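Worksheet: the structure to be examined is printed underneath.
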Amino acid sequence: MHELLRALRRTPDRVLHTRRRGAALANIRARNQPSSVLVLCHGNICRSPFAAAVRDRELAGQGTAVVSAGFIGPGRPSPLEAQLEAQHLGVDLSLHRSQLVTDQLVRNAAVVVTMDAQQARAVVETFGKPRSDVVLLGDFDPEPVRTRTIADPIDQPADVYRRVYARIERCAQALASAITETPAPSDRP
């Protein structure tokens with residue numbers, strides 16, 4: 001019964017993914033290239049530092065600064081499992097230390113990227129960021145999804161990190177591609 005309820009809760013995400021992806025891509029493509037992107041997750045030790053590093057790699061030399069932060073626990077390193085799986089994908093998290101999201105970080109970011117809808121709501125409600133400036137990374141996934149949330153792999157085995165990081169990489173590449181596309185003059189805000 002629990003699995004059935006879980007599947008029913010995720011049905012809107014599966015059904016609406018194509019529409020949400022199109023809207024997220026259109027939102028990013030309609031902007032001038034952002035000068036800064038803030039990537040958020042809960043603790044800033046697994047998902048957001050990896051996503052920021054991938055996005056930074058994809059946007060290298062494009063003039064967009066990418067930073068990451070979280071809602072709890074500043075100064076923590078990425079877990080060893082996160083570091084090892086990231087290293088397999090060419091990302092070094094060994095020197096990363098978590099930082100708290102602040103009003104200034106949110107204010108300075110042209111676009112805020114979150115891992116789930118609850119984090120997006122928190123950015124809008126707590127920091128007053130316009131909803132149009134906050135996107136869910138999972139909405140950029142070019143593959144069909146079960147949920148728009150990017151799962152938190154903390155305290156999970158290596159294969160979970162591998163799956164989560166593969167999804168983050170797909171989504172980050174799609175987002176970076178949308179950022180670097182030049183909007184048509186009629187599309188600019």
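Worth knowing before you read on, the calculation uses all heavy atoms, side chains too, and leaves out hydrogens, waters and symmetry mates. Since the model is a prediction, treat every value here as computed from it, not as a measurement.
Ser94 pairs by the side-chain hydrogen bond (donor to acceptor under 3.5 Å, both in side chains) definition with Asp92, not counting sequence neighbours. For Glu143, the side chain to side chain contact (heavy atoms under 4.5 Å, CB included) criterion is met by Asp141, Arg170, not counting sequence neighbours. Under the salt bridge (charged side-chain N to carboxylate O under 4.0 Å, His left out) criterion, Arg162 pairs with Glu85, sequence neighbours left out. Applying the side-chain hydrogen bond (donor to acceptor under 3.5 Å, both in side chains) criterion to Arg163, with sequence neighbours excluded, gives Asp159.
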Check residues 104-114 and write down every donor-acceptor pair under 3.5 Å in which the side-chain atom is one partner and the other belongs to a residue at least two apart or another chain.
residue : atom : partner : partner atom : Å
Arg107  : NH1  : Asp103  : OD2          : 2.4
Asn108  : ND2  : Gln104  : O            : 3.3
Thr114  : OG1  : Asp116  : O            : 3.1

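In terms of modelled atom types and a separation under 3.5 Å, the side chain of Tyr161 and the main chain of Ala86 share no donor-acceptor contact. The backbone N or O of Ser68 lies less than 3.5 Å from no partner atom in the side chain of Ser48, so there is not a single donor-acceptor pair. Panel note: side chain Arg21, backbone Phe140; a donor-acceptor pair is recorded below 3.5 Å. Judged by distance alone, the side chain of Arg131 and the main-chain N or O of Val134 form a donor-acceptor pair under 3.5 Å.
Considering only heavy atoms from C-beta on, Ile45 stays 4.5 Å or farther from Phe50 through its side chain. Counting only heavy atoms from C-beta outward, the side chains of Gln119 and His42 approach each other to under 4.5 Å. Using a 4.5 Å heavy-atom threshold, the side chains of His17 and Pro144 count as separate. Within the 4.5 Å cutoff, the side chain of Arg97 has heavy atoms near those of the Pro77 side chain.
Only one option out of Leu89, Val91, Val66 pairs with Arg57 in a side chain to side chain contact (heavy atoms under 4.5 Å, CB included); it is Val91.
Going from atom CD of Gln87 over to atom CG of Leu93 covers 9.5 Å, rounded to the nearest 0.5 Å. The structure places CD1 of Ile179 at 6.5 Å from CZ of Arg55, a figure rounded to the nearest 0.5 Å. Between the CD1 atom in Ile168 and the SG atom in Cys41 there is a gap of 8.0 Å [rounded to 0.5 Å].
Grouped by direct or indirect side-chain proximity (heavy atoms under 4.5 Å, Ile/Leu/Val/Met/Phe/Trp/Tyr only), Leu100 sits alone.
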